[in-house]
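Written out below as C-alpha cells is the structure these notes cover.
Here the structure is a predicted model, which means the values were calculated and not measured. Residue numbers start from 1 in every chain, and the chains themselves are labelled A, B, ... in the order their sequence lines are given, proteins ahead of strands. Values below: every heavy atom of this structure, side chains too, minus hydrogens, waters and symmetry copies.
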Number of protein chains: 2
Amino acid sequence: MKKAPQILDELGFRKTEIRIKVLEHLQKVEKAVSQPELEKKFNNLADRVTLYRILSAFEEKGIIHKIMDVHGVARYAMCNEKHCTEHEHHDEHVHFNCTECGDVVCLDTVKVPIIKLPKDFSLSRLNLNIEGTCDNCQK
Amino acid sequence: MKKAPQILDELGFRKTEIRIKVLEHLQKVEKAVSQPELEKKFNNLADRVTLYRILSAFEEKGIIHKIMDVHGVARYAMCNEKHCTEHEHHDEHVHFNCTECGDVVCLDTVKVPIIKLPKDFSLSRLNLNIEGTCDNCQK
DNA sequence: AAATAAATTGCAACATTGTTGCTATTATAA
DNA sequence: TTATAATAGCAACAATGTTGCAATTTATTT
C-alpha cells in the first residue's frame, strides 16, 4: 500500500501532520469514518472545519469516497482498488452499518448483483446500506 | 386503496385536516417525500414540528417507512402492500434518487437480490439507494 | 537563509435538519 | 356540553454541513 505522505505529494497536497494522520487512519481502519469520529480522535490536532475540508479535498481527488450512513451522516472511506480492474470497474458499494457498535465497513468482497431498472431510468451511482450486526458484535 | 380518514381512524389517530392531507399526499405521489418538502407544500397549514411528529407517528404505526436519501435527509413513503404477502414480507427497499429533479421513488417492482454477507455478519434491514436519472427527466 | 507565493488552518458565523418540553388548542367520547 | 386525551404550535437546543476571511504555515524561489 502506498504511504500516506507519498499520496499527498502526488496529488499536490502539502504534507501537514493532520493530513498525514487522517489519511493513515483511513488506510488503517478500513472503515467508513465520519467527520465527528475524526473530531474525537484528533480533537487537539485540528478544528472540525479543517477536518471537513480535508475530507472534501480527498474526496475531490478521488482517493476516498463519501457515503451517507443510515443516520444520514457522511462517512468517508478509502477507495479500494483491490477489486477494481481496468475492465471491471465497480463503484457499487455495499456498506454494512452495525447497529451495535455503529461502525460502518465497506464490504468490497460482496458483489452487488445487476439491478434491472424500469424503462427510462438510468443509473449513475449505487449505495447499498445494510443494517445488522457485524462480526465483532456477534454473540 | 383505503381512504386516508379510515386509516387514521383504524390506527387511533384523530382525523385532523393536516394529518388527512399528509396521508393523502403520500398516497397520491407514490414517492418518498421529505419533511422539508411537506413544509413547503403545507406551509400555512402546519408547523414543521407538527409535520415531524406526524411523520414519526405514522412511521411508528408502520403505515409509512423512513429512509435516508443520498443527501442524508429523511424521506417517508407509504408502505406498499402490493408486493408483500403474508408469507413473503419484504422490507428490502430500492430507492431511486433522481439527480435532476431530486425526487426519490420507491421501486417496489425491483427485486433486491439476496446478498451473501461475510461470516458472522447478520442482516436486519437493507436500503439500496440508486442515483441516476428518472423517467421524467430522461431526455 | 530570507523572502515570496500559495496552500492550509482556525475562527466566526450561518443554514438546515432533527429533536424535546411545555402550553394552548382541538377532536372525540361521555 | 363538558371532560379528557390527542394534537399542534412555539421556543429552544444539538448536530452536521458549509462559507468567508484573516492568520499561519509549507514549499519554492531568490
Using ring centroids (six-membered ring only for Trp), state whether Y76(B) and F58(B) fall under 6.0 Å. no
Will you find, in the side chains of N97(B) and N129(B), an N or O donor that is under 3.5 Å from an N or O acceptor? yes
Segment of DNA chain D, first to last nucleotide, that comes within the 4.0 Å heavy-atom reach of chain B: dA5(D) to dA12(D)
Residue pair V33(A) / E37(A): nearest heavy atoms and the distance that separates them: CA-OE1, 3.3 Å
Gap separating the SG atom of C101(B) from the NZ atom of K31(B), nearest 0.5 angstrom: 6.0 Å
Through what angle, rounded to 10 degrees, does the axis of the helix from dA1(C)-dT30(D) to dA30(C)-dT1(D) turn between its ends, using five pairs per end? 10°
For the CG atom of L107(B) and the SG atom of C134(B), what is their distance to the nearest 0.5 Å? 10.0 Å
Determine whether a donor-acceptor pair (N or O, by modelled atom type, separation under 3.5 Å) exists between the side chain of T133(A) and the backbone of S122(B). no
Base contacts versus sugar-phosphate-only contacts with protein, heavy atoms under 4.0 Å: please encode nucleotides 6-16 of chain C as B, S and - from 5' to 3'. BBSBBBBB---
Set of side-chain contact (heavy atoms from CB on, under 4.5 Å) partners for D9(B), sequence neighbours left out: K15(B)
Name all residues meeting the side-chain hydrogen bond (donor to acceptor under 3.5 Å, both in side chains) criterion together with H95(B); count only those two or more places apart in sequence or in a different chain, and write none if there are none. H65(B), N127(B)
Report, as yes or no, whether the 6.0 Å neighbourhood of atom CD on Q6(A) holds more than 12 heavy atoms from other residues, nucleotides or ligands. yes
Considering residues at least two apart in sequence or located in another chain, which fulfil the side-chain hydrogen bond (donor to acceptor under 3.5 Å, both in side chains) criterion with K2(A)? E10(A)
Counting any heavy atom closer than 4.0 Å, what does A57(B) reach on the DNA or RNA strands: base, sugar-phosphate only, or nothing? nothing
Specify the residue among D9(B) and K40(B) whose closest nucleotide of DNA chain C lies further upstream toward the 5′ end. K40(B)
